[in-house]
Amino acid sequence: MSEPKENVLMEKIVSLCKRRGFVFQSSEIYGGINGFWDYGPLGAELKRNVKETWWSTMTRLRDDVVGLEATIIMAPQIWKASGHVDTFSDPMCDCLLTRKRFRADQIDPQSGVVYHFAGARDAAAGKESPDAFSVLLPPGKPPESARKTAAQFYQTRGLQSVELLGERTEKVENTTRYNPENGAQLTDPRPFNLMLQTYVGPIQSEDNVAYLRPETAQAIFAQFKNVHETSRQKVPFGIAQIGKAFRNEVTPRNFTFRSREFEQMELEFFIKPDEAIEAICGSVATVPESGHPGEPQPNWGWQAWHRYWVEERVRFYEGIGLSRDTLGFHHQTSEELAHYARACTDILFKFPFSKKDETGAVKGDELEGIAARSDFDLSQHERHSGKSMGVFDEELRTAWTKLAPERQSELSSRYHDSRLKYLVKSGVPQEKAEREAKEDAEGLAKGQYIPHVIEPSAGVDRLILALIANAYTEVSSTDEKGKTETRVVMKFHPRVAPVKVGVFPLLKNKPELVAKAREVFQGLRGRFLAFYDDAGAIGRRYARQDEAGTPFCVTVDFDTLGEKPELLGTVTIRHRDDGRQERVPIAGLADWLQARLV
RNA sequence: GCGGGCGUAGCUCAGCGGUAGAGUACUAGUCUUCCAAACUAGUUGUCACGGGUUCGAAUCCCGUCGCCCGCUCCA
């Protein structure tokens, strides 16, 4: 409404996605289901390419990250330990007057006099509202203001000149049932559980409740010990996973951006606590203000690793066609951060629906969050499962014995304090917390600690939408007759483009061109996703491939067959983004393409 | 979930009480030597779904579902 132009762009993108088979509404023939989307032929290829690029960048091309593929349904205790059972089910209530929504547990208790009304009447119009309504009147305010608020309420119910009925008053203390801003009554608190539930086993009882995972990360923490022991990795190292996650969102919105079923690509990168780094290396590396800190170093603490992963992730996005100027960054403030998190940097993409800030600049919406989560997650699972999540670090133990006694006690006491802070915040009784923190500090001296974690967590479907929005380009051209035509070119990076190459005979009614084109197509299809097309004029076929985002089109013409002898056995390659053409021998075609698709 | 807008062919839309149309796309054919050419023929709809009012509903009313915008939330 306020940004009609951008909505139009978004609508065009949604329309193209359906028309060309990138994204369909789930269950469309039954009217659809809110918050669920399917990928059509082109979308499925695009998504697969993106996930494969991520997987190979994160695991296969690195020495220090291994993969995991865990189940969607896990022991419900995992979600208790992670905090999701508690924080994902907020009781919410709405102001009956303004419709504003509140978290029931965040309303400040108030005291005063409550004015109850049984209903209201509009004698002139002959209408009556039987709905009861109450207003809280803080001390010192005139009763008239309560009646005024009530009158406003009944006006929203369709009465014009309001005559209030059945007024009575009541003194209340510390109530949270009224809107702190205007005193209007709130609806009863209703639970908003964002986790999708099911039952494991045939009996649908409370004992059998299980959750569809709301994030993939927890499986990595839960399997940390197994992966650590079997992969021969030593801290620092990471575990990567791609998989579905589910959230019963209140409002799915913005096409696929906020869906109820979505896919994540998450890395949990485990690092040594800073105290261990200091013991081993003497000090923790200082981190440059901006830019990539370079290859990982042994003296990196959490800040260096955090910056490293932010920059690595930006490189990834640049590598699949999202230039830095299409991205945005949000550094969470200390108020925004979860209590256990030390830092979180969000990588944003400037979507067509992204809002402008006060200065008119588009900030963007989140593609990925890179969080420094301390040792919170593994500690939680250690406490809830009773299984140790600590690792033994030979290097640390050796280094510790060589430290001066005052250095030992300084590091030991810092580690003790941060463990104590965590334990107390997690609700462990003070006495027990002090005992456990002391044990943890003694463990550090013997080379034991719970690893800290840096978590780059990306949403696949959001990234697909970003790539589609980024690729969407309109090209207008006017022909001799003065008719202006707008064509869509999807400028995907060749690495992620669904179809890599289109193969056409210049003309369909010349069997020798068709035969040769089929032959070229057969030669390419095993190595690249290739698409053969001979329907319609050549320009039309180019346009069709432009809309699919195919970066290269190969055309077999009469020169291929030797009309000009020097061009025998060559084809025309036409570039999507500028229509440029070049001549390439068929023999070198696959290699030519290969070089441009990585 | 609440408030507002919307839902007609694959897509963009017209029709707004008398029983459904245009452009485009798609299919086949003719033609065509490089950027959505032309011609011919053809396919497509429970007018989102369900109910009601009416002699008659795509059109008016109610409900449901979905999409878009705001509240909310965040991968």
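A, B, ... follow the sequence lines: proteins, then strands. Residue 1 opens every chain. Given the structure is predicted, the values throughout are model-derived calculations rather than measurements.
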* For atom CH2 of W37(A) and atom P of C68(B), their distance in whole Å -> 5 Å

* Asked: Do the numbers put R544(A) on top of the ring of Y542(A), so that NZ or CZ is under 6.0 Å from the six-membered ring centre and no more than 45° off the axis?
  -> no

* **Residues in salt bridge (Lys or Arg N to Asp or Glu O under 4.0 Å) contact with K244(A), at least two apart in sequence or another chain** => E261(A)

* What parts of residues 40-55 of chain A reach RNA chain B, counting only heavy atoms under 4.0 Å away? -> none

* F255(A)/F257(A) aromatic ring centres below 6.0 Å -> no

* In whole angstrom, give the distance that lies between atom CZ of F504(A) and atom C1' of U33(B). => 16 Å

* Taking NZ from K12(A) and P from C68(B), how many angstroms apart are they, rounded to a whole number? -> 18 Å

* Write down the distance separating the C1' atoms in C60(B) and C47(B), rounded off to the nearest Å. => 16 Å

* Asked: Does any nucleotide pair with C6(B) by Watson-Crick or G-U wobble geometry, both distances under 3.5 Å, and what is it?
  -> G66(B)

* Start at the 5' end of RNA chain B and walk down; is the nucleotide closest to A537(A) or to G369(A) reached first? -> A537(A)

* Hey, is the main chain of T71(A) close enough, under 3.5 Å, to the side chain of R213(A) for a donor-acceptor pair? -> yes

* To do: Please work out if L16(A) contacts a base, only the sugar-phosphate, or nothing of the nucleic acid, heavy-atom cut-off 4.0 Å.
  => nothing

* Structure fact -> Under a 3.5 Å limit on both distances, the Watson-Crick or wobble mate of U72(B) is none

* Remember a base hit wins even if backbone is also touched, and classify D346(A) as base, sugar-phosphate or nothing at under 4.0 Å, heavy atoms. => nothing

* Structure fact -> In Watson-Crick or G-U wobble terms, with both distances under 3.5 Å, the base opposite U40(B) is A28(B)

* **Nearest-nucleotide pick for K18(A), side chain only, options being C69(B), A75(B), C11(B)** => C11(B)

* Asked: When rounded to the nearest Å, what value does the distance between C1' atoms of C67(B) and C35(B) take?
  -> 35 Å

* To do: Look through every strand shown and name the nucleotide pairing with G18(B) as Watson-Crick or G-U wobble, where both distances are under 3.5 Å.
  => C55(B)

* Would you indicate whether E566(A), at its atom CD, is surrounded by more than 12 heavy atoms from other residues, nucleotides or ligands within a distance under 6.0 Å? => yes

* Atom pair distance, as rounded to whole Å: CG in L337(A) and P in C74(B) -> 13 Å

* Asked: Considering residues, nucleotides and ligands other than R583(A), do more than 12 of their heavy atoms fall under 6.0 Å from its CZ?
  -> yes

* In residues 569-579 of chain A, which residues come under 4.0 Å of RNA chain B by heavy atom? -> T572(A), R574(A), G579(A)

* Asked: Which part of the nucleic acid, if any, lies within reach of K355(A) when heavy atoms closer than 4.0 Å are counted: base, sugar-phosphate only, or nothing?
  -> sugar-phosphate

* Could you check how far CG of N34(A) sits from C1' of A48(B), rounded to whole Å? => 15 Å

* Asked: Rounded to the nearest Å, what distance is computed from the CD atom of residue Q332(A) to the P atom of nucleotide C73(B)?
  -> 13 Å

* Asked: Does G45(B) have a Watson-Crick or wobble mate here (both distances under 3.5 Å), and if so which one?
  -> none

* Would you kindly compare S259(A) and Q581(A) by the position of their nearest RNA chain B nucleotide and give the one closer to the 5′ end? => Q581(A)

* Whole-Å C1' distance, G3(B) and G42(B) -> 48 Å

* To the nearest Å, give me how far apart CZ (R540(A)) and P (C35(B)) are. => 14 Å

* With distance as the sole criterion, do the side chain of E547(A) and the base of A36(B) form a donor-acceptor contact below 3.5 Å? -> yes

* Cationic tip of R596(A) above W592(A) ring, under 6.0 Å, 45° of axis -> yes

* Partner residues of R541(A) under the salt bridge (Lys or Arg N to Asp or Glu O under 4.0 Å) criterion, sequence neighbours left out -> none

* **Row check, F316(A) ring normal vs R313(A) NZ/CZ: under 6.0 Å, within 45°** => yes

* Contact check, side chains of L42(A) and E547(A), non-hydrogen atoms, under 4.5 Å -> no

* Once you round it to whole Å, what is the distance between C1' of G66(B) and CZ of R253(A)? -> 13 Å

* Asked: Can you name the one residue among L467(A), V489(A), I13(A) that meets side-chain contact (heavy atoms from CB on, under 4.5 Å) with Y472(A)?
  -> I13(A)

* Asked: What is the pairing partner of G23(B), taking Watson-Crick or G-U wobble pairs with both distances under 3.5 Å in any strand?
  -> C11(B)

* Asked: Under 6.0 Å between ring centres, would you say that holds for Y532(A) and F504(A)?
  -> no

* **F269(A)/W305(A) aromatic ring centres below 6.0 Å** => yes

* In whole angstrom, give me the gap between the C1' atoms of G52(B) and C13(B). => 29 Å

Report each atom pair, protein N/O against N/O of nucleotides 41-43 of chain B, whose distance is under 3.5 angstrom.
none

* Do F552(A) and H575(A) have ring centres separated by under 6.0 Å? -> yes

* Asked: Expressed as a whole number of Å, how far does the P atom of C65(B) sit from that of G29(B)?
  -> 47 Å

* Distance between the P atoms of U59(B) and A20(B), in whole angstroms? -> 14 Å

* Is there a donor and acceptor pair, one atom on the side chain of R258(A) and one on the base of C73(B), closer than 3.5 Å? -> yes

* Asked: If the C1' atom of U24(B) is compared with that of U30(B), how far apart are they to the nearest Å?
  -> 22 Å

* Asked: With rounding to whole Å, what would you report as the distance between A36(B) and U32(B) at their C1' atoms?
  -> 15 Å

* To do: Give one of base, sugar-phosphate or nothing for E366(A), where a contact means two heavy atoms less than 4.0 Å apart.
  => base

* With a 3.5 Å cut-off and no angle check, do the side chains of Q218(A) and H84(A) form a donor-acceptor pair? -> no

* Could you tell me whether the side chains of T345(A) and H331(A) share a donor-acceptor contact shorter than 3.5 Å? => yes

* To do: Could you tell me whether the side-chain ring of Y542(A) sits stacked on the base of A36(B), using a centroid cut-off under 5.5 Å and a plane angle under 30°?
  => no

* **Stretch residues 554-563 of chain A: residues that reach within less than 4.0 Å of RNA chain B through a heavy atom** => T555(A), D557(A), F558(A), E563(A)

* To do: Answer with yes or no whether the side chains of S259(A) and D461(A) bring together a donor and an acceptor at under 3.5 Å.
  => no

